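Just below is one structure, and these are the notes that go with it.
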Amino acid sequence: MSFVLTPPATVAVPVAGGGSFPVHRIYCVGRNYVEHAVEMGHTGREPPFFFLKPADAALVVPEGETGRMAYPGLTANLHHEVELVVAIGRGGRDIPVTEAGQHVWGYAIGLDMTRRDLQNDMKKQGRPWCIGKAFEQSAPIGPIHPIGRTGRLDKGAITLDVNGQRRQKGDLSELIWNVNEIIAHLSTAWLLQPGDLIYSGTPAGVGAVQRGDLMECRIDGLGSLRVAVA
């Protein structure tokens with residue numbers, strides 16, 4: 001095949017222990033911790049909802065390094081949201097909850113960075129709010145850890161510090177919709193593919209970061225992810 005333009009490079013996330021994981025799509029789950037749902041003005045176990053980021057929104061941070069995220073344009077209220085990322089190794093549609101775990105290839109630490117002011121403006125106008133979520137470098141991610149090494153992650157501390165001060169703290173057991181349920185729900189709306197990443201939701205404590213801030217995220221069993229706002 002002859003392309004009239006040079007095709008973009010495949011976005012790939014390093015795998016702990018060697019190799020790279022090619023990214024197909026990035027799905028994100030909204031309001032999936034009770035306390036975060038409350039701080040966003042909602043309560044209860046509402047049906048899960050999803051939004052997408054382009055694959056090249058990923059800001060890939062190799063193990064032991066500090067990623068540098070450029071402060072994006074059009075915003076004065078850039079928010080951090082630390083999340084467990086689920087890497088899909090086997091695709092499918094209408095996947096039963098009881099079989100969803102078989103589709104998990106591994107896990108990583110991620111950040112769903114949000115231009116909150118733009119998102120809120122779009123909500124008020126009843127318009128799509130992808131401008132608040134799906135921008136360049138809006139999905140920082142650390143190395144993917146194969147599930148064969150980590151085992152199933154359904155509990156464990158998840159935290160985020162900014163400049164050494166704790167901002168977010170929760171436990172993976174507090175997910176309103178657990179990983180298997182998320183996969184099952186997603187697969188009713190989209191054909192999941194190998195290479196998909198699922199950002200599973202964030203605990204309470206989201207807030208703004210400024211140029212020069214350093215975010216450090218941790219999830220038990222996955223180490224840490226460090227990202228500086230350039």
Side-chain angles (χ1 to χ4, degrees), residues 7-14 20-33 36 40 48-62 67-75 77-89 91 103-123 127-144 158 160 168 175 177 179 182-183 185-203 206-209 215 217 219 222 225 227 229-230:
T10 299
V11 177
V13 180
S20 297
F21 185 91
V23 180
H24 177 243
R25 291 177 181 162
I26 299 176
Y27 297 96
C28 301
V29 188
R31 297 195 297 263
N32 203 26
Y33 284 79
H36 175 58
M40 300 301 288
F49 71 93
F50 309 97
F51 57 92
L52 284 82
K53 295 176 183 262
D56 62 1
L59 172 61
V60 178
V61 183
R68 291 181 62 82
M69 176 188 181
Y71 196 95
L74 298 180
T75 185
N77 196 17
L78 178 66
H79 277 207
H80 57 72
E81 300 186 18
V82 61
E83 313 207 357
L84 172 71
V85 181
V86 181
I88 297 296
H103 295 256
V104 177
W105 195 91
Y107 304 97
I109 305 173
L111 279 162
D112 168 19
M113 301 301 294
T114 303
R115 294 192 280 204
R116 191 72 72 197
D117 44 2
L118 300 185
Q119 182 193 31
N120 289 341
D121 285 347
M122 294 299 104
K123 285 181 178 180
R127 295 177 177 176
W129 34 269
C130 53
I131 193 172
K133 289 285 192 179
F135 53 94
E136 294 84 358
Q137 300 186 327
S138 63
I141 184 170
I144 295 174
I158 174 172
L160 180 142
Q168 291 185 264
L175 284 168
W177 297 93
V179 169
I182 291 168
I183 292 171
H185 276 284
L186 262 176
S187 70
T188 64
W190 290 276
L191 174 63
L192 290 183
Q193 300 278 3
D196 286 341
L197 298 177
I198 304 172
Y199 282 58
S200 60
T202 193
V206 301
V209 288
M215 299 174 284
C217 313
I219 296 178
L222 299 180
L225 168 66
V227 178
V229 183

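None of these values were measured; they are calculated from a predicted model. Computed over heavy atoms, backbone and side chain alike; hydrogens, waters and symmetry mates excluded.
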Non-hydrogen atoms of L225 and I109 that approach each other most closely: CD2-O, 3.6 Å
Atom pair CD1 (I131) and CG (D121), whose distance is rounded to the nearest 0.5 Å: 9.5 Å
Donor-acceptor contact present, side-chain D196 to main-chain H24, <3.5 Å: no
Test item: Q168 side-chain N/O and P203 main-chain N/O as donor-acceptor pair under 3.5 Å: yes
Rounded distance [0.5 Å steps], OG1 in T75 versus CD in Q119: 10.5 Å
N/O donor-acceptor pair under 3.5 Å between E81 side chain and M113 backbone: no
Short side-chain to backbone donor-acceptor contact, S200 and L84, under 3.5 Å: yes
Pair E136-D56, side chain to side chain contact (heavy atoms under 4.5 Å, CB included): steps then yes or no: CA-CA 7 Å; E136 294 84 358; D56 62 1; over 6 Å; no
Closest heavy-atom pair and its distance - Y71, V229: CD1-CG1, 3.8 Å
Distance, nearest 0.5 Å, that separates CG of D117 from NE2 of H79: 8.0 Å
Test item: T114 side-chain N/O and R116 main-chain N/O as donor-acceptor pair under 3.5 Å: no
Plane angle bin for F21 and W105 - parallel if under 30°, tilted between 30 and 60°, otherwise perpendicular: tilted
Atom pair SG (C130) and CZ (R115), whose distance is rounded to the nearest 0.5 Å: 9.5 Å
S138 side-chain N/O to A134 backbone N/O, donor-acceptor pair under 3.5 Å: no
Verdict with reasoning, L78 to M69, per side chain to side chain contact (heavy atoms under 4.5 Å, CB included): CA-CA 11 Å; L78 178 66; M69 176 188 181; 4.2 Å; yes
Atom pair NE2/CG of H103 and L186 - distance to nearest 0.5 Å: 12.5 Å
K53 side-chain N/O to A58 backbone N/O, donor-acceptor pair under 3.5 Å: no
Closest non-hydrogen atom pair, I219 against A108: CD1-O, 4.4 Å
Any donor-acceptor pair under 3.5 Å from N32 side chain to W177 backbone: yes
Beyond-backbone contact of I158 with Y33, side-chain heavy atoms, under 4.5 angstrom: yes
Non-hydrogen atoms of A55 and V23 that approach each other most closely: CB-CG1, 3.9 Å
Heavy-atom side-chain contact between D112 and T202 under 4.5 Å: no
Heavy-atom closest pair, residues I88 and Q193: CG2-O, 3.7 Å
Nearest heavy atoms of V13 and G142, plus distance in Å: CG1-O, 3.4 Å
Test item: Y27 side-chain N/O and W190 main-chain N/O as donor-acceptor pair under 3.5 Å: no
Atom pair CH2 (W129) and CG (N120), whose distance is rounded to the nearest 0.5 Å: 10.0 Å
Sub-4.5 Å side-chain heavy-atom contact between I26 and V85: no
Working for side chain to side chain contact (heavy atoms under 4.5 Å, CB included), residues I198 and V179: CA-CA 9 Å; I198 304 172; V179 169; over 6 Å; no
Side chain to side chain contact (heavy atoms under 4.5 Å, CB included) between I144 and Y107, worked out: CA-CA 5 Å; I144 295 174; Y107 304 97; over 6 Å; no
